[in-house]
Asks: 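Let me begin by handing over the structure; questions about it come next.
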2 protein chains.
Amino acid sequence: MTEPPAVARPRRTRADKQRNRAHILEVAEQFFAEQGVSASLDAIAKRAGIGPGTLYRHFPTREALLAALLEARDEELVARRDAIVREENDSARALEQWLEALDIWVSAFDGLPDPLRDALTEGTSPLAMTCQGFVTTTEQFLAAAQRDGRAQPWVRGRELFLSVLATAWVRGAALADESSARSMRAVLRSGWALPG
Amino acid sequence: MTEPPAVARPRRTRADKQRNRAHILEVAEQFFAEQGVSASLDAIAKRAGIGPGTLYRHFPTREALLAALLEARDEELVARRDAIVREENDSARALEQWLEALDIWVSAFDGLPDPLRDALTEGTSPLAMTCQGFVTTTEQFLAAAQRDGRAQPWVRGRELFLSVLATAWVRGAALADESSARSMRAVLRSGWALPG
DNA sequence: TGACAAAACGGAGACTATCTCCTTAATCTC
DNA sequence: GAGATTAAGGAGATAGTCTCCGTTTTGTCA
């Protein structure tokens with residue numbers, strides 16, 4: 001029988017690891033902001049002064065890196081949600097403000113709607129948690145508006161969230177002016193049809 | 001002074017060129033249908049039994065290849081437009097049917113909404129002509145519905161076309177069931193809001 | 001039909017991006 | 001400081017895009 005090995009006390013995380021992680025995030029934020037979410041990961045590593053292997057050890061996929069970057073903004077969005085709940089009594093206006101906040105959030109980087117859409121279906125992406133949370137919040141605002149007869153009863157939160165992604169996707173490249181963006185939002189809100 | 005050169009009578013297009021072009025289109029149609037618009041072009045060339053150079057000589061960009069593939073379907077869509085004009089008297093229903101036809105058209109291949117969106121902004125893509133034509137048609141149907149007071153007066157054809165692209169983009173990966181798709185279309189048509 | 005010129009083909013390979021080992025270096029613990 | 005361990009670095013495997021240029025095919029006309 002071998003000696004029962006003493007349970008190894010886990011070491012503290014190495015300092016260079018934390019330093020590298022933070023630096024990668026800084027550089028990635030800049031690259032994604034400038035070039036969109038498809039920016040070259042190797043280029044980010046190079047600019048951060050590390051090898052590709054190091055980047056991939058910290059963030060195994062592009063989605064993992066994105067998820068880490070969005071975490072800080074997630075907190076802002078949660079704060080915004082709380083502020084809306086606190087300050088807005090009209091349930092329809094509250095929903096509208098929440099959708100607007102979501103819209104700003106998904107516009108953080110060019111091309112962000114694509115990985116978010118994928119995360120919403122695949123469920124395995126590190127972005128999925130975040131997404132699902134915001135879908136739930138959307139459902140809560142929506143349910144309140146529906147209770148007050150201020151939102152179509154057949155709409156669901158998931159589709160509303162996807163609509164926000166979709167309008168952001170359109171804006172990504174196809175809308176030159178702000179008036180088009182407003183128009184898209186209006187279509188989302190009140191549709192194109194008038195009762196005959 | 002040099003002799004004015006006899007104007008060379010242009011040769012007939014070589015038979016192998018036509019053969020190759022047709023074959024590339026066949027194979028590409030299959031690949032795009034199976035794997036979406038991002039399928040490897042070199043793989044298409046290989047399957048078609050030609051070198052990559054030949055493919056790129058025929059279709060310098062992925063968009064050019066897509067445009068050629070969509071040409072046949074364009075004709076179907078134009079025919080559908082004429083049929084709607086001929087058979088549907090109600091302008092709102094006509095617009096709705098046209099949007100549905102567009103929706104089917106953009107669903108020909110997985111991922112098609114992306115290059116179409118890009119084409120609509122850049123204007124240089126071989127897909128731009130086609131897109132622009134369908135925007136114009138959308139505007140015509142929309143104008144009729146607006147004259148009849150059946151469509152919001154502030155909506156424009158371009159945004160409506162983009163909305164169709166956007167809902168197709170969402171469906172691309174994120175909508176499991178047909179009920180979600182219907183719901184998205186309903187939001188597009190009548191919005192989520194009810195008057196307070 | 002054969003010879004010439006023009007047109008088109010083929011595929012090697014340059015370039016870029018992703019991602020993975022495995023060797024080397026930095027850091028923590030005692 | 002010595003030793004154990006964790007992380008870094010970066011060459012290179014793989015895959016996709018796209019180009020260039022020597023070779024082949026085809027059309028034309030004597």
Side-chain angles (χ1 to χ4, degrees), chain A residues 3 5-28 31-32 34-68 110-111 114-115 118 124-126, chain B residues 5-28 31-32 34-68 109-111 114-115 118 124-126:
Chain A
E3 192 73 10
V7 175
R9 182 141 29 92
R11 283 191 170 187
R12 173 168 36 159
T13 319
R14 268 171 58 167
D16 55 346
K17 187 179 189 182
Q18 298 180 47
R19 229 183 309 122
N20 276 328
R21 191 188 140 92
H23 194 206
I24 291 170
L25 286 174
E26 268 178 43
V27 174
F31 265 65
F32 285 155
E34 283 171 7
Q35 312 177 22
V37 295
S38 300
S40 160
L41 295 185
D42 273 31
I44 291 174
K46 199 169 191 176
R47 173 80 76 88
I50 58 171
T54 301
L55 189 152
Y56 282 96
R57 199 171 319 104
H58 279 276
F59 306 102
T61 64
R62 184 182 300 275
E63 286 70 41
L65 180 51
L66 267 176
D110 244 40
D114 295 82
D118 296 344
T124 56
S125 162
Chain B
V7 175
R9 180 140 31 90
R11 283 188 169 189
R12 172 169 36 155
T13 318
R14 272 171 57 164
D16 55 346
K17 186 178 189 182
Q18 299 181 47
R19 228 182 311 122
N20 276 330
R21 192 188 139 92
H23 194 207
I24 291 170
L25 286 174
E26 268 177 43
V27 174
F31 266 64
F32 285 153
E34 284 171 7
Q35 312 177 23
V37 295
S38 299
S40 159
L41 296 185
D42 274 31
I44 291 174
K46 198 169 192 176
R47 173 80 76 88
I50 60 171
T54 302
L55 189 151
Y56 283 95
R57 199 170 319 104
H58 279 275
F59 307 102
T61 64
R62 184 182 299 276
E63 287 69 41
L65 179 51
L66 267 176
F109 306 120
D110 243 40
D114 295 82
D118 296 345
T124 56
S125 163

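Naming: A, B, ... by sequence-line order, numbering from 1 per chain.
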Asks: Can you see if the side chain of B:Ser40 gets near the phosphate of D:dT17 - specifically, an N or O under 4.0 Å from OP1 or OP2?
Replies: yes
Asks: Here's a test of your reading of the structure: between A:Ala43 and B:Ile50, which maps to the more 5' nucleotide of DNA chain C?
Replies: B:Ile50
Asks: Could I get the full list of side-chain contact (heavy atoms from CB on, under 4.5 Å) partners for A:Asn20, not counting sequence neighbours?
Replies: A:Ile50, A:Thr54, A:His58
Asks: Please determine whether a side-chain nitrogen or oxygen atom of B:Asn20 lies at a distance below 4.0 Å from atom OP1 or OP2 of C:dC9.
Replies: yes
Asks: Quick one: side-chain contact (heavy atoms from CB on, under 4.5 Å) partners of A:Ala64, sequence neighbours excluded?
Replies: A:Phe59, A:Pro60, A:Thr61, A:Pro126
Asks: Given atom NZ of A:Lys46 and atom C1' of C:dC19, what is their separation to the nearest angstrom?
Replies: 16 Å
Asks: C:dG10 P sits how many Å from B:Ile24 CD1, rounded?
Replies: 9 Å
Asks: D:dA7, OP1 or OP2 - any side-chain N/O from A:His58 closer than 4.0 Å?
Replies: no
Asks: By salt bridge (charged side-chain N to carboxylate O under 4.0 Å, His left out), which residues pair with B:Asp42, not counting sequence neighbours?
Replies: none
Asks: Using the side-chain contact (heavy atoms from CB on, under 4.5 Å) criterion, which residues pair with A:Thr13? Sequence neighbours excluded.
Replies: A:Lys17, A:Gln18
Asks: Would you please name every residue forming a salt bridge (charged side-chain N to carboxylate O under 4.0 Å, His left out) with B:Arg57, sequence neighbours left out?
Replies: none
Asks: Without decimals, in angstroms, what is the distance between A:Leu55 CG and C:dC19 C1'?
Replies: 11 Å
Asks: Nearest 0.5 Å, please: how far is CD1 in A:Ile24 from OH in A:Tyr56?
Replies: 11.0 Å
Asks: What is the per-nucleotide protein-contact pattern of nucleotides 18-26 of chain D, from the 5' end, where B denotes a base atom under 4.0 Å from a protein heavy atom, S denotes such proximity for sugar-phosphate atoms only, and - denotes neither?
Replies: BB-----BB
Asks: Measure from CG on A:Leu65 to C1' on C:dC19 and round the result to the nearest Å.
Replies: 14 Å
Asks: In whole Å, I'd like the distance from the CZ atom of B:Phe59 to the C1' atom of C:dA8.
Replies: 14 Å
